[in-house]
Trainee: 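Take this structure, written in structure tokens, and hold onto it; I'll ask about it next.
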Amino acid sequence: SQQGEEDPQALSIQEGENATMNCSYKTSINNLQWYRQNSGRGLVHLILIRSNEREKHSGRLRVTLDTSKKSSSLLITASRAADTASYFCATTRSGAGSYQLTFGKGTKLSVIP
Amino acid sequence: GAVVSQHPSWVICKSGTSVKIECRSLDFQATTMFWYRQFPKQSLMLMATSNEGSKATYEQGVEKDKFLINHASLTLSTLTVTSAHPEDSSFYICSARDGLAGYQETQYFGPGTRLLVL
């Protein structure tokens, strides 16, 4: 079942601006991951943050995790037109051997050149 | 590394026919593969978890007789949509985790298969 909720559902920004997307979830998690999907394509893994981590960086991406609020944010700095895609958060629930991902509804990002 | 392929990338079929979709891990051994479906402008819904050499575990509400999953080798899982109907039209995506990488949380996704049932 879907437990993640992203907001906003859609975001339109100018190239060069920063984009922030948020994700909330309901159960205890082992980790939270962010994926990107170009229209009609598969998913590309962006970044994983574990439940005991609070912040993680990868290039222009910055992810935060607040387990007390059961929420995460993905920040893309200095956005480019090529960043236009849908972004999904996905959680892995706490529990031994639990590898299943539960996806949020996604945020559709449009970066205008 | 960690490439997952799907075949076919798209398929159009008549109502009542069966369609087989293949998911392959190209450069690693996938002890576990996952099958998702995605409706337009919606998120991915997990359909089933497929473990090599054993029966798939289906999510609630997914008909196992309708969506047959076979994971006969460490690099191949197949999803067969039996007696497909227009409501089965969707984007089907598989993912795989590297079984030899210990507790590997990352899943590698295939490019997806778009199914249109007329």
Side-chain angles (χ1 to χ4, degrees), chain A residues 1-10 21 23-25 27 29-53 56 58 63 65 85-110, chain B residues 1-7 9-10 21 23-26 30-52 56-62 90-99 101-116:
Chain A
S1 62
Q2 297 291 317
Q3 73 156 346
E5 298 275 343
E6 280 98 328
D7 75 271
Q9 291 186 350
M21 290 160 269
C23 165
S24 61
Y25 56 92
T27 64
I29 62 171
N30 276 334
N31 63 68
L32 184 146
Q33 305 179 46
W34 284 91
Y35 287 85
R36 163 203 170 114
Q37 184 182 35
N38 286 75
S39 181
R41 301 290 187 92
L43 273 71
V44 174
H45 181 260
L46 295 177
I47 196 165
L48 179 152
I49 186 165
R50 292 192 171 81
S51 60
N52 61 352
E53 297 176 310
K56 208 160 185 180
S58 177
V63 168
L65 179 64
S86 290
Y87 292 82
F88 296 92
C89 69
T91 54
T92 305
R93 271 182 275 186
S94 298
S98 175
Y99 302 113
Q100 291 181 345
L101 292 175
T102 302
F103 281 86
K105 295 180 179 178
T107 294
K108 186 171 184 178
L109 173 65
S110 299
Chain B
V3 177
V4 175
S5 70
Q6 274 183 248
H7 178 80
S9 56
W10 61 270
I21 302 169
C23 177
R24 292 181 185 273
S25 57
L26 298 186
T31 51
T32 306
M33 289 183 169
F34 303 88
W35 286 96
Y36 300 84
R37 67 186 297 182
Q38 184 181 32
F39 291 107
K41 298 183 181 180
Q42 294 189 26
S43 188
L44 280 74
M45 295 288 292
L46 179 65
M47 297 175 66
T49 302
S50 167
N51 291 299
E52 186 267 335
T57 303
Y58 289 82
E59 293 299 297
Q60 194 172 11
V62 178
S90 188
F91 192 53
Y92 292 88
I93 306 176
C94 72
S95 70
R97 56 176 294 273
D98 186 342
Y103 183 62
Q104 174 58 266
E105 298 124 319
T106 301
Q107 291 183 22
Y108 303 101
F109 282 80
T113 296
R114 190 162 301 281
L115 171 64
L116 176 61

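Each chain gets a letter, A, B and so on, in the order its sequence line appears, and its residues count up from 1. Computed from heavy atoms alone, side chains included, the values below leave out hydrogens, waters and symmetry copies.
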Trainee: Using a cut-off of under 4.5 Å for heavy-atom pairs, which of A:S86, A:G40, A:A90 has the most such pairs with chain B?
Mentor: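 Greatest number of close heavy-atom pairs with chain B: A:G40.
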Trainee: Taking side chain to side chain donor-acceptor pair (under 3.5 Å) as the definition, give me every residue that meets it alongside B:S25, ordered by chain and number, with sequence neighbours left out.
Mentor: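 In terms of side chain to side chain donor-acceptor pair (under 3.5 Å), with neighbours along the sequence ignored, B:S25 is linked to no residue.
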Trainee: Verify the neighbour count for atom CD of A:Q9: are there more than 12 heavy atoms of other residues, nucleotides or ligands below 6.0 Å?
Mentor: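 Not more than 12 within 6.0 Å, no.
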Trainee: Counting neighbours of NZ on A:K56 that are heavy atoms of other residues, nucleotides or ligands and sit closer than 6.0 Å, is the number greater than 12?
Mentor: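 Yes, enclosed.
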Trainee: For the pair B:S43 (side chain) and A:G106 (backbone), establish whether a donor and an acceptor sit closer than 3.5 Å, ignoring hydrogens and angles.
Mentor: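 Looks like no, no N/O pair under 3.5 Å.
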Trainee: Taking the side chain as every heavy atom from C-beta outward, state whether B:Y36 and A:L101 have any atom pair closer than 4.5 Å.
Mentor: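 Result yes, sub-4.5 Å side-chain heavy-atom pair found.
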Trainee: Going by distance alone, is a donor N or O of one side chain under 3.5 Å from an acceptor N or O of the other, for B:Q38 and A:Q37?
Mentor: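 Yes - a donor-acceptor pair under 3.5 Å links their side chains.
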Trainee: Under the rule for side chain to side chain donor-acceptor pair (under 3.5 Å), what residues qualify as partners of B:T49, not counting sequence neighbours?
Mentor: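 Result, side chain to side chain donor-acceptor pair (under 3.5 Å) vs B:T49: A:Q100.
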